[in-house]
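Just so it is clear: chains get the letters A, B, ... in the order the sequence lines come, proteins before strands, and each one is counted from 1.
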Protein chains: 2
Amino acid sequence: MPTSSAQHQHRLPQHLLRAREAVMAYFRPLLNSVGLTEQQWRILRLLDDRGEMEAGVIADLACILSPSLTGILVRMEKAGLIHRSRDKVDSRRLIVSLSLEGRQLTREVAPLSNACYRQIEAHFGEEKLELLISLLNELEQLPAPVAVTEDKPQLTEADL
Amino acid sequence: MPTSSAQHQHRLPQHLLRAREAVMAYFRPLLNSVGLTEQQWRILRLLDDRGEMEAGVIADLACILSPSLTGILVRMEKAGLIHRSRDKVDSRRLIVSLSLEGRQLTREVAPLSNACYRQIEAHFGEEKLELLISLLNELEQLPAPVAVTEDKPQLTEADL
DNA sequence: CGCAGAATGTTAAGATATTAATCACATTGA
DNA sequence: TCAATGTGATTAATATCTTAACATTCTGCG
């Protein structure tokens, strides 16, 4: 027999992945041409937009797990793009700020990046893009899933 | 002065990334509990749905670049999930097929995975999900971008 | 036939993702 | 004050991503 019922799964994760690939194809050449990775660019823009911030915040906003972030920040400092320092009052916290060169580079690349975005917008349609983004925004708000495969006795509503 | 104009960028890639994170949070625990990576699971389901296929097709459908795929397939074969063999007539082509254990595992996990999906659907709404997916589908069709940062004479507005 | 060029995978090297364990410092409470 | 606990970052180990360079095998054509 053919195989599983496979009821034409929706494969939401796959679609999100493919869509992101299609979009990144527009930005990648630009980033490559200036020697930045996607992650580095996300961090640079964050820092330029909102000023210095601690590592944990960057991790949250840029969707980078802290173990990855550690290395990325080290390389970015080595490349002269940022400064790393410890918070005076709580030395666990790592404060990250843009260097002069980092700021310059960011502001040089930003308009080009925006141009890429406008290209996408032009192809896809402005309203559709707005709609898509608002849907994505909602999706991001999904409540954390309840554990299904643990030995713990399934959370019940009583636990809330 | 504050910083760049930063006109509240839309950050489409970021949203796609975050949305995918929110969604994967539902599937990750399941996959971890059976010792599969996201990529391995994508491949298993592909093979179960559509039968044996060559590596290049897997790469396309599962959104995995061939250099990554090489290693993933080696590990999956070592884990007894799949078989790898060369096409008799064109020995460049690598034919990948599900092993018995691979098939069993896949069919054991599939319903649980579907359950995760239905959870998401329940939270997000069926129609909205349909809409989102159709938008993502369109986005995937974006034409390949035109090179902007090459030695080619920078596009000007006149080119639009 | 024979060889240039295309197609398909693989290696290599460096960067990031992922999970678990650990380190250093902070905070709390007895 | 000190032990217990918590928090933020790092280390470790393995898997995957990315780009470039190779290695093979095919294909088409002179």
Side-chain angles (χ1 to χ4, degrees), chain A residues 13 17-18 20-21 24-25 27-44 53-79 81-82 84-96 147 149-150, chain B residues 13 17-18 20-21 24-25 27-44 53-79 81-82 84-96 147 149-150:
Chain A
L17 192 55
R18 286 174 170 289
R20 187 161 195 283
E21 271 316 296
M24 286 315 299
F27 294 97
R28 238 188 280 277
L30 170 58
L31 295 182
N32 283 342
S33 78
V34 294
L36 290 173
T37 67
E38 295 177 30
Q39 294 80 354
Q40 292 176 339
W41 175 239
R42 271 184 263 156
I43 294 171
L44 286 181
M53 55 178 79
E54 49 185 279
V57 179
I58 294 180
D60 283 345
L61 296 179
C63 279
I64 298 175
L65 296 178
S66 26
S68 302
L69 190 57
T70 296
I72 295 175
L73 292 180
V74 168
R75 282 182 287 272
M76 288 179 78
E77 181 172 55
K78 195 171 302 178
L81 296 172
I82 61 169
R84 296 187 314 152
S85 63
R86 291 287 173 176
D87 185 307
K88 305 289 188 198
V89 351
D90 184 344
S91 65
R92 287 172 306 181
R93 298 169 191 279
L94 182 69
I95 307 295
V96 183
T149 49
E150 291 309 321
Chain B
L17 192 56
R18 286 174 170 289
R20 187 160 196 282
E21 271 317 296
M24 285 315 299
F27 294 97
R28 237 187 279 278
L30 170 58
L31 295 182
N32 283 342
S33 77
V34 295
L36 290 173
T37 67
E38 295 177 30
Q39 295 80 354
Q40 293 175 339
W41 175 239
R42 271 183 263 155
I43 293 171
L44 286 181
M53 54 178 78
E54 49 185 277
V57 178
I58 295 180
D60 283 346
L61 296 178
C63 278
I64 298 174
L65 295 179
S66 28
S68 302
L69 190 57
T70 296
I72 295 175
L73 292 179
V74 168
R75 283 183 285 274
M76 287 179 78
E77 182 172 54
K78 195 171 301 178
L81 296 172
I82 60 168
R84 295 187 315 153
S85 64
R86 289 289 173 174
D87 186 307
K88 305 289 186 197
V89 352
D90 184 344
S91 65
R92 288 172 304 181
R93 298 167 190 280
L94 182 69
I95 306 294
V96 183
T149 49
E150 294 309 320

For atom [atom1] of [X] and atom [atom2] of [N], their distance in whole Å:
| X | N | atom1 | atom2 | value |
| --- | --- | --- | --- | --- |
| Arg42(A) | dA15(C) | CZ | P | 16 Å |
| Asp87(B) | dT8(C) | CG | C1' | 11 Å |
| Ile72(B) | dT11(C) | CD1 | C1' | 16 Å |
| Leu17(B) | dA17(C) | CG | C1' | 11 Å |
| Leu30(B) | dT18(C) | CG | C1' | 17 Å |
| Leu69(A) | dT18(C) | CG | C1' | 14 Å |
| Leu94(B) | dT8(C) | CG | C1' | 10 Å |
| Leu31(A) | dA15(C) | CG | P | 16 Å |

Which nucleotide in the list dA20(C), dA15(C), dG9(C) gets nearest to the side chain of Arg75(A)?
dA15(C)
Counting side-chain heavy atoms from CB outward, which of dT11(C), dA26(C), dT18(C) is closest to Glu38(B)?
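Between dT11(C), dA26(C), dT18(C), the one nearest the side chain of Glu38(B) would be dT18(C).
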Looking at every heavy atom in both [X] and [Y], which two are closest together, and how far apart are they?
| X | Y | answer |
| --- | --- | --- |
| Val96(B) | Ile58(B) | CB-CD1, 3.8 Å |
| Cys63(B) | Leu17(A) | CB-CD2, 3.8 Å |
| Leu69(B) | Ile43(B) | CD1-CD1, 3.7 Å |
| Ser33(B) | Leu30(B) | OG-O, 2.7 Å |
| Arg86(B) | Ser91(B) | CD-O, 3.3 Å |

Looking at Arg92(A) and dA24(C), is any side-chain donor or acceptor paired with a base atom of the opposite kind under 3.5 Å?
no
Report the residue (Leu65(A) or Asp90(B)) whose heavy-atom-nearest nucleotide on DNA chain C is the more 5′ of the two.
Asp90(B)
Does [X] reach a base, just sugar-phosphate, or nothing at all? Heavy atoms under 4.0 Å.
| X | value |
| --- | --- |
| Ser91(B) | sugar-phosphate |
| Val57(A) | nothing |
| Val89(B) | sugar-phosphate |

Covered region of DNA chain D, 5' end to 3' end, by chain B [heavy atoms, under 4.0 Å]
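Counting from the 5' end, contacts occupy dA15(D) to dC26(D).
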Below the 4.0 Å mark, does [N] have OP1 or OP2 next to a side-chain nitrogen or oxygen of [X]?
| X | N | answer |
| --- | --- | --- |
| Gln39(A) | dA17(C) | yes |
| Arg93(B) | dG9(C) | no |
| Ser68(A) | dT16(C) | no |

Name the residue closer to the 5' end of DNA chain D, choosing between Ile64(B) and Gly56(A) according to the nucleotide with the nearest heavy atom.
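First, find each residue's nearest nucleotide; the 5'-ward one identifies Gly56(A).
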Closer than 3.5 angstrom, by distance alone: can the side chain of Gln40(B) be matched with the main-chain N or O of Thr37(B) as a donor-acceptor pair?
yes
Would you say the side chain of Glu54(A) lies within less than 4.5 Å of the side chain of Leu94(A), judging by non-hydrogen atoms?
no
Between Arg20(B) and Glu38(B), does any side-chain N to carboxylate O distance fall below 4.0 Å?
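A salt bridge links Arg20(B) with Glu38(B).
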